[in-house]
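One structure below.
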Amino acid sequence: MTDASRPESTTDDAKAQRLEEAQTIAYPSGSTRRSRTAPQEDPTLVVLFGATGDLSRRKLLCGLGYLAVSGLAPDMRVIGTSLDDMTDEQFRVFAKKAIDELGARKLTDEQWERFAPKLSYVNTSAGPEALAAAVAAKEQELADDETQGDRERVRRLYYLSVPPKAATKVIETLNTAGLVERSRVIMEKPFGEDLESALALNDEVHKTFKEKQIFRIDHFLGKEAAQNILAFRFANGLFEPIWNRNFIDHVQIDIPESLGLDARAAFYEPTGAYKDMVVTHLFQVMAFVAMEPPTALEPRAISEEKNKVFRSLEPIRPDDVIRGQYAGYRQEKGVDPESDTETFIALKARIDNWRWAGVPFYLRTGKKLAQGMRIISIAFKEAPKSMFPAGSGIGQQGPDHLTFDLADESKVSLSFYGKRPGPGMRLSKLSMQFSTEDTEQADDVLEAYERLILDAINGDHTLFTTAEGIESLWERSIPLLDDPPPVRSYEPGSWGPNSIHQLIAPNAWRLPFERNWRD
Ligand code: BG6
């Protein structure tokens, strides 16, 4: 949130300067070479496909607005396009309403006044020529303002916030309209729905765009807290030596949602929790936890290590999976009364390499569960022998844990047994906690989509997924997709079907937490 007491321009300048500093850190001292992640100065024209859709309303318009006015991104124009009939003015009204009602970060009146003229609209059904004309006009505007009229220096960023079938059509349109040059394209999940369709989709996209132009977005990797896993693991000497099968008993990646279907039946019915959440978000976050130290903080090195994790992932066995469906799902609008779609999934994943052999990774996510949380919990092995007498409390609250909370305020906590004050030797679980919210930089946290759109503008692939990574995840999903276990019903507001406890026994799910995060 912006601090209203500071003058806007100073805040913006300071932010841009901090970003510049953050991104030049990678330079060897004295080097004048610019890093590939250095902010781009050339202006950018963003074309937002699916501009009136749900994601655009909830996240993208707000994120683009903030990037456009904060000084973090170069000068930009945003053309919204969708099948709705709208004038530029109507689109601005639509965008303002979305930002005011749904945006995590509001724009001040002054910021909105600066952003509004940058927005325009073209109807997708007007065809490739209309799109090309709109792009040419806005590029000229940017070029006149920023590059002495040189349109060749204006970059193009296409955000395809549309389903996969529509995405291939959009790509065809861009090709026909001659808009592929100087461009980058952000693609939204799902990247296929199995190995075959993912291969076909990637082939199709590669006919028009080179891999280096494609940014497959997984917004979980844009979350500040997910990146903090990399910092935590690879910037400190403390934990990495014990980050392996000798010291870690098991890992939980637990993303329950209290939300229901939210009028998304058309998307959710053919998709379900595994394809919606696990193949994309949960496995991607798992790769950050499990990967070997990359040789550098650069896209190829990080993708290489993540892809090695995916290659070491054992095919998902149906016996290791619990699929659930909340009671009442089949009566939701747009849902088949005999639907077999899972709204919940819990599974045991096994990574068969030297670091992780024998360490189960338990993943869980689902709709209409008791709480909305996003945690990664690393359970360390218990001490081999205990000198503390029975009844002292040791082990009573599970093993010691390191927990990452992927909430926007990014929290980390280390819990351990310590002495309860007073006579004798009674032990209880204590914890050390950190939250970005408590730091002076709390205002600088970028929302996941803001961060990732900015990276795409700067051509930085570090936090995006690759075709190879996605394909290998679909390959590991074959046994489950071919022979899914039956869905079991669970009560809305619960933690899923009862069998989740057998899946993780003799351990237990960390959630619900035995105590809350400290205020
Ligand atoms: C989306 C899924 O990708 O992620 C949704 O399609 C899910 O079903 C959402 O609710 C969760 O994201 P976040 O950032 O709100 O935790």
Side-chain angles (χ1 to χ4, degrees), residues 50 53-63 66 98 102-105 159-164 166-167 186-193 215-229 252-286 288 323-326 329 332 334-335 339 341-346 363-376 404-411 436 445-453 463-465 470 473 492 496 511:
D54 187 56
L55 183 65
S56 172
R57 285 173 60 234
R58 284 192 299 116
K59 302 281 183 183
L60 305 178
L61 287 166
C62 177
Y66 181 66
L102 304 167
R105 186 196 307 272
Y159 198 121
L160 273 50
S161 179
V162 294
I186 300 183
M187 298 196 59
E188 264 295 336
K189 54 147 215 174
F191 311 108
E193 52 187 37
F215 292 75
R216 292 179 194 76
I217 199 165
D218 185 310
H219 78 277
F220 267 60
L221 299 186
K223 289 181 190 278
E224 191 77 17
Q227 294 152 54
N228 214 9
I229 300 172
Q252 295 182 28
I253 300 180
D254 205 358
I255 323 261
E257 296 186 279
S258 51
L259 287 177
L261 210 47
D262 250 3
R264 291 166 80 214
F267 160 77
Y268 204 82
E269 258 288 270
T271 309
Y274 183 73
K275 296 178 184 176
D276 182 34
M277 292 292 286
V278 179
V279 179
T280 46
H281 311 319
L282 274 70
F283 278 153
Q284 293 294 332
V285 170
M286 184 182 83
F288 271 12
R323 293 169 71 234
Q325 189 184 73
Y326 64 78
Y329 173 75
E332 299 266 19
V335 170
S339 173
T341 301
E342 79 280 351
T343 59
F344 170 97
I345 187 148
L363 275 47
R364 168 169 72 170
T365 185
K367 301 284 185 200
K368 287 215 179 178
L369 296 179
Q371 279 175 21
M373 296 282 282
R374 310 174 191 107
I375 65 144
I376 300 172
F404 293 90
D405 186 326
L406 301 186
D408 290 339
E409 56 273 25
S410 178
K411 296 175 191 156
T436 318
V445 171
L446 288 181
E447 201 276 328
Y449 284 95
E450 291 167 356
R451 163 72 201 231
L452 294 172
I453 295 172
L463 297 174
F464 291 84
T465 57
I470 307 258
L473 285 175
L511 293 177

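Both counts, for ligands and for their atoms, begin at 1 and track the order of listing.
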With a 3.5 Å cut-off and no angle check, do the side chains of E269 and T341 form a donor-acceptor pair?
yes
Please round to the nearest 0.5 Å and tell me the distance separating atom NZ of K275 and atom OG1 of T280.
12.0 Å
Backbone N/O of Y326 and side chain of T343: donor-acceptor pair under 3.5 Å
yes
Chain-and-number sorted residues having a heavy-atom contact under 4.0 Å with ligand 1 are K189, H219, F220, K223, E257, R264, D276, M277, H281, K367, R374
For the pair E342 (side chain) and A273 (backbone), establish whether a donor and an acceptor sit closer than 3.5 Å, ignoring hydrogens and angles.
yes
Distance in Å, R264 CZ paired with K367 NZ, rounded so as to fall on 0.5 Å steps
5.5 Å
Shortest non-hydrogen contact between S161 and S56, atoms and distance
OG-N, 4.5 Å
